[in-house]
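Labels below follow one simple rule: chain letters A, B, ... track the order of the sequence lines, proteins then strands, and each chain is numbered from 1. Predicted, not measured: the structure shown is a model, and the values here were computed from it.
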2 protein chains.
Amino acid sequence: MRLSRSLIPTLKENPAEAVIASHRLMLRAGLVRQTASGIYAWLPAGWLVLQNIARIVREEQIAIGSQDMLMPTIQSADLWRQSGRYDAYGPEMLRIKDRGDRDMLYGPTNEEMVTELFRQSVKSYRELPQILFHIQWKFRDELRPRFGVMRGREFLMKDGYSFDLDYEGAVITYRKIMLSYMRTFQRLGVKAIPMVADTGPIGGDLSHEFIILAPTGESQVFFDAAYETMDFSEGKYDHNDPADLARFFGDVTNSYAATDEKHDAGVWANVAEKREGRGIEVGHIFYFGTKYSEPMGLSLAGRDGTPVVPHGGSYGIGVSRLVGAIIEAHHDEAGIIWPDSVAPFPAVILNLKAGDAGCDALCEEAYAAFRGRALLDDREDRAGVKFADADLMGHPWQIVVGPRGAAKGMVELKRRATGEKVEVSLADALAKINQA
Amino acid sequence: MRLSRSLIPTLKENPAEAVIASHRLMLRAGLVRQTASGIYAWLPAGWLVLQNIARIVREEQIAIGSQDMLMPTIQSADLWRQSGRYDAYGPEMLRIKDRGDRDMLYGPTNEEMVTELFRQSVKSYRELPQILFHIQWKFRDELRPRFGVMRGREFLMKDGYSFDLDYEGAVITYRKIMLSYMRTFQRLGVKAIPMVADTGPIGGDLSHEFIILAPTGESQVFFDAAYETMDFSEGKYDHNDPADLARFFGDVTNSYAATDEKHDAGVWANVAEKREGRGIEVGHIFYFGTKYSEPMGLSLAGRDGTPVVPHGGSYGIGVSRLVGAIIEAHHDEAGIIWPDSVAPFPAVILNLKAGDAGCDALCEEAYAAFRGRALLDDREDRAGVKFADADLMGHPWQIVVGPRGAAKGMVELKRRATGEKVEVSLADALAKINQA
């Protein structure tokens, strides 16, 4: 995209309303704008980041055989009365009357709906296990929305739901999804640690939350140094092998990790290599057995004809929250430092002298090489403004084109994360970016 | 996906509530399920179709330089009071009170919001023209929702918005978007005709709607046979050349086309090659000048310092409606006939004897070749059920694996659209599908 004709409005000043780094930087880098309290529009660059994150989340769910679908945002209150949650939920649920005066709601979660869809169509034990997920906008009417997209009212979530024949099957599914989460966070360029959690309003008796390490995170975390070197990349564990899943579950839960709420000083004392830091919750998974299938009448024909009530779980990732969390984990004084996998553009091309024939030509050549997928800073602005905005927006690579270099076909290639700069030909710069 | 473990619940019987072909077939093929009046959940196969359509719509918008973004579903009523539309809109707008008793609404369209975002950030004539779009869920509280996703309450729409310095620029943008629409519909495998339209509640003085030809469409259409052979594929017209856009606009609007509402028998009499048929509206575009920029105070610094009030337009495509419209255009007695570009799966693999070692092995080999992107009918069901469901679901190719053929490594390859069948080796079948 050409920055001169794009709705990527960078800001020089820190907006007064933003108290945390990610909120400040998302506004300053022109990623989002608030349109009502706790409700944000995703401007083109922010939307690219959100789509990159959603794509990785989706790919890792599909990789373990979870089925991608989409349930609607507006639900009937009747469904929620069946499970008993309509009255149990507080004022953060957005309740709506439609024109026929029927009670509706903007769904905060979908256990009831997916159970009902399953009940209508799935009749036999032979059709299990199944996992379904969707990546969908949710609404939570926070009393005091704050911290930008980290605690907004309208937010994007991946929520998944599983159906198994029994407890043993459900545990295998639970571990499989946990593995998919660790792969997801690793691809997103963040260090995540699963921690035993309370089940809250979802219910159930087995639950973990996933905490991303970030120096400016919301809570204090205590963890074994072993977590720093764990690797979950593909091939490391086989998600189709229950024994391998058990090994994975042991590896990822046997070392000590806790937020300050759950911290146990006695156990902590015995941890050999201690680490302390800050963390942000970005995911939460629950096994809840028959909590929804039982009251909602989901029952299947079992192998020997006896009815079977499926065991369920639900599994969330805060997709829009991750944009903020990744920035909290990856920024410096000058701005955002995007991991390559989620950056809105792999590179920004800085034309230091728009109007200079040599600069313009070399910039257009570079821009064409990315086929529209780079950002070209073609604004009529001072070089200093462009340098500052490039660091602020945080694209992994900067291709700096000035008149002296352009005359020789040379550019300055800067890696945002390290600050390292080299003077190279445009071809070499492109090769280096492609390689990385 | 393996059909035995997928939420693709096909139905043998026609559901009583479905009166039109697409509604009936979408329910029977297990693409959607209604979760409340006029509100649908997109099950895995339906969601694949919807994503394919959305991807093509998105690609063609990005190709003409339109910026992809995402605005929120919930809007503040205050924005709509500024333009005067809050009171003008009828009861189909879903009005909501949040927990702070503030008036909110589930957005039916975004002219106000995008104008406000633009006003906050864009200051100079140098930043124009710009086009922005998003593909977003909308809500319209229909009194009597019907026809499935064709007239549902929660629906997916591509809505785009343009900002130009003057009328002349706005007309170029309008034509450019019209060209992108014709390219989009052609890629989706449907014949679309633009027809002059009224502007309605959006306002403005130039408007076209896009009607897809379908034998079971909602309205009668009269058109010149010239429309049957028009070609808008890439390279035919240059969207960056105003002269070429004028030529395109002439080509696509100079021949006669009208719905029965606007039909002019006098002009019709002079059309040499007459065609009559049925049609479905799937898109609508508007030029509305300063209708929103003026009352909302959007004004830029012009070239000579004088303030400029941008000229705008808005441009819609009914993305979820297109799923129904494409089915209306492409089905027969047995079921859906998906165009290749939007099919949920390119092929379905029919295992006629699940449990037979030869059949199972050849089916798994075929399934592996598609790397999860085909549908494998591995259900323990009679061959007749599988044939009927394959025709119903409408995947472009059927790979039929029976015990006799499997023993020789042979399959039957059927093209759904033509019914043509050939007995070939699996390798030849895969080559033929890849070629097409």
Side-chain angles (χ1 to χ4, degrees), chain A residues 1 4-7 9 30 33 35-37 39-44 46-48 50-51 62 65 67-76 78-79 91-92 94 96 98-100 102 104 106 113-114 116-118 120-122 126-130 132 134 137 139 141 143 153-154 372 379-380, chain B residues 1 4-7 9 30 33 35-37 39-44 46-48 50-51 62 65 67-76 78-79 91-92 94 96 98-100 102 104 106 113-114 116-118 120-122 126-130 132 134 137 139 141 143 153-154 372 379-380:
Chain A
M1 290 169 67
S4 67
R5 300 276 170 90
S6 298
L7 194 61
R33 285 294 179 266
T35 59
S37 172
I39 303 179
Y40 289 85
W42 293 79
L43 304 188
W47 177 227
L48 284 169
L50 190 58
Q51 286 178 94
I62 291 174
Q67 302 172 66
D68 195 5
M69 66 179 299
L70 188 67
M71 288 177 270
T73 61
I74 301 296
Q75 305 187 22
S76 158
D78 290 343
L79 254 182
E92 67 274 14
L94 190 65
I96 302 168
D98 74 2
R99 70 190 287 181
R102 283 170 293 243
M104 313 293 286
Y106 201 120
M113 188 178 284
V114 76
E116 171 60 17
L117 288 167
F118 217 74
Q120 288 168 9
S121 300
V122 179
R126 281 194 299 260
E127 300 171 68
L128 260 52
Q130 287 193 38
L132 295 143
H134 66 169
W137 290 91
F139 203 91
D141 202 357
L143 187 58
R153 293 200 289 172
E154 189 167 327
R379 296 174 300 177
E380 295 175 19
Chain B
M1 290 168 67
S4 67
R5 300 275 170 89
S6 298
L7 195 61
R33 285 294 180 265
T35 58
S37 172
I39 303 179
Y40 290 85
W42 294 80
L43 303 188
W47 176 227
L48 284 170
L50 190 57
Q51 287 178 94
I62 291 173
Q67 302 171 67
D68 195 4
M69 67 179 299
L70 188 66
M71 289 176 271
T73 61
I74 302 296
Q75 303 187 22
S76 158
D78 290 341
L79 253 181
E92 67 273 15
L94 189 65
I96 302 168
D98 73 4
R99 69 189 291 181
R102 283 170 293 243
M104 313 292 286
Y106 200 119
M113 188 178 283
V114 76
E116 171 62 15
L117 288 168
F118 218 73
Q120 289 170 6
S121 298
V122 179
R126 280 193 298 259
E127 301 172 66
L128 261 53
Q130 287 195 37
L132 295 144
H134 66 170
W137 290 90
F139 203 90
D141 203 358
L143 188 57
R153 294 200 289 173
E154 189 167 325
R379 295 173 301 176
E380 294 177 19

- If only atom types and distance count, is the side chain of A:R5 paired as donor or acceptor with the main-chain N or O of B:R126 below 3.5 Å? yes

Side chain, backbone, both or neither of [X] within contact of chain A (heavy atoms, under 4.5 Å):
| X | value |
| --- | --- |
| B:L70 | both |
| B:Q51 | side chain |
| B:W42 | both |
| B:R379 | neither |
| B:M113 | side chain |
| B:L43 | both |
| B:A41 | both |

Heavy-atom cut-off 4.5 Å, strictly under: side chain, backbone, both or neither for [X] against chain B?
| X | answer |
| --- | --- |
| A:R153 | side chain |
| A:Q75 | neither |
| A:L128 | backbone |
| A:E127 | both |

- Query: Counting heavy atoms not belonging to B:Q120, are there more than 12 under 6.0 Å from its CD?
  - Reply: yes

Is [Y] close to [X] at the side-chain level, that is, under 4.5 Å between some pair of heavy atoms?
| X | Y | answer |
| --- | --- | --- |
| A:L132 | B:P44 | yes |
| B:M104 | A:I39 | yes |
| B:I96 | A:F139 | no |

- Message: Rounded at 0.5 Å granularity, tell me how far CD1 in B:I62 sits from CE in A:M1.
- Response: 9.0 Å

- Message: For a quick check under 3.5 Å, do B:T35 and A:E116 share a side-chain donor-acceptor pair by atom type?
- Response: no

If you count heavy-atom pairs within less than 4.5 Å of chain B, which of [options] leads?
| options | result |
| --- | --- |
| A:L94, A:L79, A:D78 | A:L94 |
| A:A36, A:P72, A:S121, A:S76 | A:P72 |
| A:V114, A:V122, A:I74 | A:I74 |

- Note on the structure: In terms of heavy-atom contacts, B:L117 and A:R33 come closest through CD2-CB, 3.6 Å

- Query: Among B:E92, B:M71, B:E154, who wins on heavy-atom pairs under 4.5 Å with chain A?
  - Reply: B:E154

